[in-house]
**Q** 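Below is one structure. I have some questions about it.
Index from 1, following the sequence. All values derive from a computational prediction rather than experimental measurement.
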Amino acid sequence: MVNVLVFVCTFVNRQIETIMTEISITLPSGEQKTVPVGTTVAEALKELVSNKERKQTIAARLDERLVDLSTPIEADATFAPITVDSPEALGILRHSAAHVMAEAVLALFGKDVQVAIGPAIADGFYYDFDRAEPFTPDDFALIEAKMQELIAAAAPFCRETVSTAQATQLFAKSGQSYKVELLNDLAVETVSLYRQGDFVDLCRGPHLPHAGWLKAVKVIKLAGAYWRGDENRKMLQRLYGTAFFDPKDLKAYLFQIEEAKKRDHRKLGKELELFAVSDQVGPGLILWQPKGALLRKIIEDHWRAEHYSNGYELLFTPHIARRDMWKTSGHLDFYGENMFSAMEIEEVSYQLKPMNCPFHIAIYNTRKRSYREFPLRWCELGTVYRFEKTGALHGLMRVRGFTQDDAHIFCRPDHLEEEIFDILDLNLHILKTFGFERYEVYLSTRPEKSVGSDEHWEQATTALKLALEKKGLVYELDPGEGVFYGPKIDIKIKDVLGRSWQCSTIQVDFNLPERFEMTYTGEDSKDHQPIMIHRALMGSLERFIGVLIEHFAGAFPVWLAPVQARIMNITDAQLGYTEEVYAQLRRAGVRIEKDVRNEKLNYKIREAQMQKIPYMLIIGDKEVEAGQVTVRLRNGDNLPAMSIFEFTALIVKENESGRTGSCNS
């Protein structure tokens, strides 16, 4: 009997020991497997996935945490391998590449170089350096060569956890003051460091198993960056790079960069004489030249026509207002740092407007409104002024004075969802008209700094969500990125290169109607507060035109081109007929230029092609005799000779198909 009890106790103890030394791993499929406590991710992979998948795995997700392959698994967890095809993989690869670039810079330029931060970003990575001498393009090749040497050595990325005091001592000893500052700001007892070769960095990881995974790396460009984004701190040198798992992807990316340079709206804007910026006028203030002004007029005319046909009414409002109005609206409290300084007029403070909405509210409040009037749809191409630091300005994309395609809808609660749906309809139609049919949609919710009741925020967010779902649009939730007065829908269009641009926004606002005491008389003869919807479809006209220039590389579709045709004679013998045709087409509404200079025809054609003009009309003796024009396309193709009437009809057809969105080539 004693022997039996001993056996039972021994068996139970062993079972308990087994339970305590094994943990359960749950795979993405839901399958569960057990491994010993302390098994590393790399060791677990041998048991959990195929050999093929294991060879493609660079990290793993334990529960919600991304970890290195060397990480020990200490407790039950969900487990998902991060392979080279996983969404998170490129970020890990590029973060590791940033470390290798920093190691290369230190190896090449000495220990007196200080390193700051080096994260992965959307298209690659960067690292900030403090170095007395500026980096040059010649240095890029040296850095890349050193990186390749380090990559070939395939040093492992080794993680270690140390006390904050130990880490501070380590970086202080090596003269890395930026790392010491970061550590001093961390209210933690321990931190993680990563070592590869002779380089050590403060980092939370994860990283590649070793540097040999870096098969396609490129140093791209150099820029300046204030330490911690503070213009009062030292300007550091920011080296940008990118990395891919496949060299083919790097090659495609570098091609895209070169293509983007060719399409740069600042370069094309100057070459095509669309817009200019003058130091005498001031940075961030756009001067529209005749062709750019005509392009803008075409866009504005189309915008007005579309809004009129969709039940909107046009408004015009001043460029300044009493400062008190911006206090009432809350802009001074929540947006003051983006506003220009006040101006004193007859002892009253006035402010350049950063937004149009309070003016539309002022128009609403000019008289009592009835529930029968709703919805009110008011739109304005309103110019606003916002303070941007000089270093942030960028061509048409980031300016200090710009025109918004603004609209505000005032409606009853029962109108809200339908109005948002109709706005989305108009929005997508207008974007399609201008050649944008790919986009990303975001629903942004309440930010930390906001006004209004929880009930109103919930009602507004729900209305936006329901409208998106009714429209069948796939969207991504963007928590905390709403504006201070309400949630919003943002639509980021994708251009021909696949780049995303923020243009459209739809925002529900219960706050401003309350602040400005807006009311309407309801069916019950009592006062009620209207709901306000802010929306911009193209956003800033300046930014939108900048995107259009790059999207079409300056070769606008015929309906949008500021110059649709250029007529040119071969010799002076055709001068009279050329002038006659030019005048006739101009009267017919064709946007046409003439080139009657005493130059060779090929030279004239080449200049017209460089100006991206869709059609060249060539006049020789044969055309004069037949009363026709020879039509050449900007791509070099020729159309059959045609009469003036036929060419006019061609342009009219192009204009009509373009405005309906059926032709944008």
**Q** Please report whether the ring centroid of His551 lies less than 6.0 Å from that of Phe436.
**A** yes

**Q** Given 3.5 Å as the limit, does a donor-acceptor pair link the side chain of Glu440 with the main chain of Ser500, or not?
**A**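 No; zero donor-acceptor contacts below 3.5 Å.
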
**Q** Compute the centroid of each ring, for Phe544 and then for Phe434, and state whether the two points are separated by less than 6.0 Å.
**A**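 Yes.
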
**Q** Indicate yes or no: at least one non-hydrogen side-chain atom of Tyr126 is less than 4.5 angstrom from one of Pro119.
**A** yes

**Q** Do Glu458 and Glu455 touch side chain to side chain, with heavy atoms closer than 4.5 Å?
**A** no

**Q** Could you tell me whether Lys33 and Glu47 have a side-chain N and a carboxylate O separated by less than 4.0 Å?
**A** no

**Q** For Lys471, does the NZ atom have more than 12 heavy-atom neighbours from other residues, nucleotides or ligands under 6.0 Å away?
**A**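 Yes, enclosed.
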
**Q** Is the shortest side-chain heavy-atom distance between Phe79 and Ile73 below 4.5 Å?
**A** yes

**Q** Is it true that Lys234 and Asp130 have a side-chain N and a carboxylate O under 4.0 angstrom from each other?
**A** yes

**Q** Take Leu62 and Thr78 through the test side-chain contact (heavy atoms from CB on, under 4.5 Å) and record every step on the way to the result.
**A** CA-CA 6 Å; Leu62 285 183; Thr78 58; over 6 Å; no

**Q** Looking at Lys470 and Glu417, is any side-chain nitrogen of the basic one under 4.0 Å from a carboxylate oxygen of the acidic one?
**A**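 No, this pair does not count.
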
**Q** Do Glu22 side-chain atoms and Val37 backbone N/O form a donor-acceptor pair below 3.5 Å?
**A** no

**Q** Run the side-chain contact (heavy atoms from CB on, under 4.5 Å) test against Lys221 and tell me which residues pass, sequence neighbours left out.
**A**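 Residues passing side-chain contact (heavy atoms from CB on, under 4.5 Å) with Lys221: Tyr240.
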
**Q** Scan side-chain atoms only and decide if Thr505 and Gln507 contain a donor-acceptor pair under the 3.5 Å cut-off.
**A**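 Gln507 and Thr505 do have a side-chain donor-acceptor pair below 3.5 Å.
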
**Q** Salt bridge check: are Glu258 and Lys262 linked by an N-O gap of less than 4.0 Å?
**A**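 No salt bridge links Glu258 with Lys262.
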
**Q** Suppose we call two aromatic rings close when their centres sit under 6.0 Å apart. Are Phe244 and Tyr253 close by that rule?
**A** yes

**Q** Have Gln166 and Ser163 got a donor and an acceptor in their side chains that come within less than 3.5 Å?
**A**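 A donor-acceptor contact under 3.5 Å links the two side chains.
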
**Q** Tell me, with the steps shown, if Tyr127 and Asp201 meet side-chain hydrogen bond (donor to acceptor under 3.5 Å, both in side chains).
**A** CA-CA 12 Å; Tyr127 216 113; Asp201 206 352; 2.6 Å; yes

**Q** We want to know whether Tyr194 and Arg159 form a side-chain donor-acceptor pair, criterion being a heavy-atom distance below 3.5 angstrom.
**A** yes

**Q** Check whether Arg54 reaches the backbone of Ala42 with its side chain - one donor and one acceptor, N or O, closer than 3.5 Å.
**A** no

**Q** Between Asp112 and Arg131, does any side-chain N to carboxylate O distance fall below 4.0 Å?
**A** no

**Q** Taking Lys215 for the side chain and Gly212 for the main chain, is one N or O donor matched with an acceptor at less than 3.5 Å?
**A**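 Yes, Lys215 side chain to Gly212 backbone: donor-acceptor pair under 3.5 Å.
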
**Q** Are the charged groups of Lys488 and Glu481 less than 4.0 angstrom apart, N to O?
**A** no

**Q** Between the side chains of Asp76 and Ser24, does any donor sit under 3.5 Å from an acceptor?
**A** no

**Q** Thinking salt bridges, do Asp246 and Lys248 make one under a 4.0 Å N-O criterion?
**A**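 Salt bridge: no.
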
**Q** Check whether any side-chain heavy atom of Leu477 sits under 4.5 Å from a side-chain heavy atom of Tyr442, and report yes or no.
**A**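 No, too far: nothing below the 4.5 Å cut-off.
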
**Q** Counting distance only, does the side-chain N/O of Thr445 pair as donor-acceptor with the main-chain N or O of Gly480 below 3.5 Å?
**A** yes

**Q** If you round to the nearest 0.5 Å, how far is CG of Leu142 from CG of Leu108?
**A**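 The distance works out to 6.0 Å.
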
**Q** Is the Trp213 ring parallel, tilted or perpendicular to the His210 ring (thresholds 30°, 60°)?
**A**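 It falls in the tilted class, 30° to 60°.
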
**Q** Tell me whether the count of non-hydrogen atoms from other residues, nucleotides or ligands lying under 6.0 Å of CD in Gln169 goes above 12.
**A**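 At most 12 heavy atoms, drawn from other residues, nucleotides or ligands, come within 6.0 Å of this atom.
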
**Q** Could you tell me if the side chain of Leu473 sits less than 4.5 Å from the side chain of Leu424, heavy atoms only?
**A** yes

**Q** side-chain contact (heavy atoms from CB on, under 4.5 Å), that's the test. Do Asp185 and Arg228 meet it? Break it down for me.
**A** CA-CA 12 Å; Asp185 290 345; Arg228 307 188 95 166; 2.5 Å; yes

**Q** Is any side-chain heavy atom of Leu443 closer than 4.5 Å to a side-chain heavy atom of Asp478?
**A**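 Side chain of Leu443 against side chain of Asp478, heavy atoms only: no contact under 4.5 Å found.
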
**Q** One thing to verify: whether Glu437 and Lys494 come together as a salt bridge, which I'm taking to mean a side-chain N less than 4.0 angstrom from a carboxylate O.
**A**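 Judged by the 4.0 Å cut-off on N to carboxylate O distance, Lys494 and Glu437 do not form a salt bridge.
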
**Q** Taking Asp139 for its side chain and Thr136 for its backbone only, find out whether a donor-acceptor pair lies under 3.5 Å.
**A**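 Side chain of Asp139 to backbone of Thr136, a donor-acceptor pair under 3.5 Å: yes, one is there.
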
**Q** Main chain of Val113, side chain of Gln176: is a donor-acceptor contact present, judged purely on distance under 3.5 Å?
**A** yes

**Q** Crowded around Asp198 CG? As in, over 12 foreign heavy atoms under 6.0 Å?
**A** no

**Q** State plainly whether the residues Arg263 and Asp495 are in salt-bridge range, i.e. N to O under 4.0 Å.
**A**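 Salt bridge: no.
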
**Q** If only atom types and distance count, is the side chain of His265 paired as donor or acceptor with the main-chain N or O of Leu396 below 3.5 Å?
**A**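 Checked: pair present.
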
**Q** Looking at Lys146 and Glu103, does any basic side-chain N land under 4.0 Å from a carboxylate oxygen?
**A** no

**Q** Could you tell me if the side chain of Asp138 sits less than 4.5 Å from the side chain of Phe140, heavy atoms only?
**A**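 With C-beta onward as the side chain, the pair stays apart.
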
**Q** Kindly state whether the ring of Phe109 and the ring of Phe129 have centres lying under 6.0 angstrom apart.
**A**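 Ring-ring flag for Phe109/Phe129: false, centres at least 6.0 Å apart.
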
**Q** Could you walk me through whether Asp63 and Arg65 pass the salt bridge (charged side-chain N to carboxylate O under 4.0 Å, His left out) test, one step at a time?
**A** CA-CA 6 Å; Asp63 293 330; Arg65 189 166 57 103; over 6 Å; no

**Q** Starting at CE of Met101, measure out to CD of Glu144 and round the result to the nearest 0.5 Å.
**A**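 If we round to the nearest 0.5 Å, Met101:CE and Glu144:CD are 10.0 Å apart.
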
**Q** For Trp457, does its backbone N or O pair with a side-chain atom of Thr461 as donor and acceptor, under 3.5 Å?
**A**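 Present.
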
**Q** To the closest 0.5 Å, what do you measure between OH (Tyr178) and CD (Gln114)?
**A**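 The CD atom of Gln114 is 5.5 Å from OH of Tyr178, to the nearest 0.5 Å.
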
**Q** I need the Ile420 CD1 to Leu468 CG distance, nearest 0.5 Å.
**A**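 The CG atom of Leu468 is 8.5 Å from CD1 of Ile420, to the nearest 0.5 Å.
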
**Q** Begin from the C-alpha positions of Leu428 and Ile491 and carry the test side-chain contact (heavy atoms from CB on, under 4.5 Å) through to its verdict.
**A** CA-CA 9 Å; Leu428 300 184; Ile491 300 177; 4.2 Å; yes

**Q** Under the side-chain hydrogen bond (donor to acceptor under 3.5 Å, both in side chains) rule, what do Glu550 and Trp501 come out as? Steps first, then yes or no, please.
**A** CA-CA 11 Å; Glu550 298 197 4; Trp501 302 95; 5.6 Å; no

**Q** Check whether the side chains of Thr26 and Gln32 place a donor and an acceptor atom closer than 3.5 Å, and report yes or no.
**A** yes

**Q** Taking 4.0 angstrom as the limit, do Lys492 and Asp490 come out as a salt bridge?
**A** no

**Q** Does Glu388 offer a backbone N or O that forms a donor-acceptor pair with the side chain of Arg400 under 3.5 Å?
**A**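 Answer holds: yes.
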
**Q** Quick one: pull up CG in Leu90 and CD1 in Ile58 and give me the separation to the nearest 0.5 Å.
**A** 8.5 Å

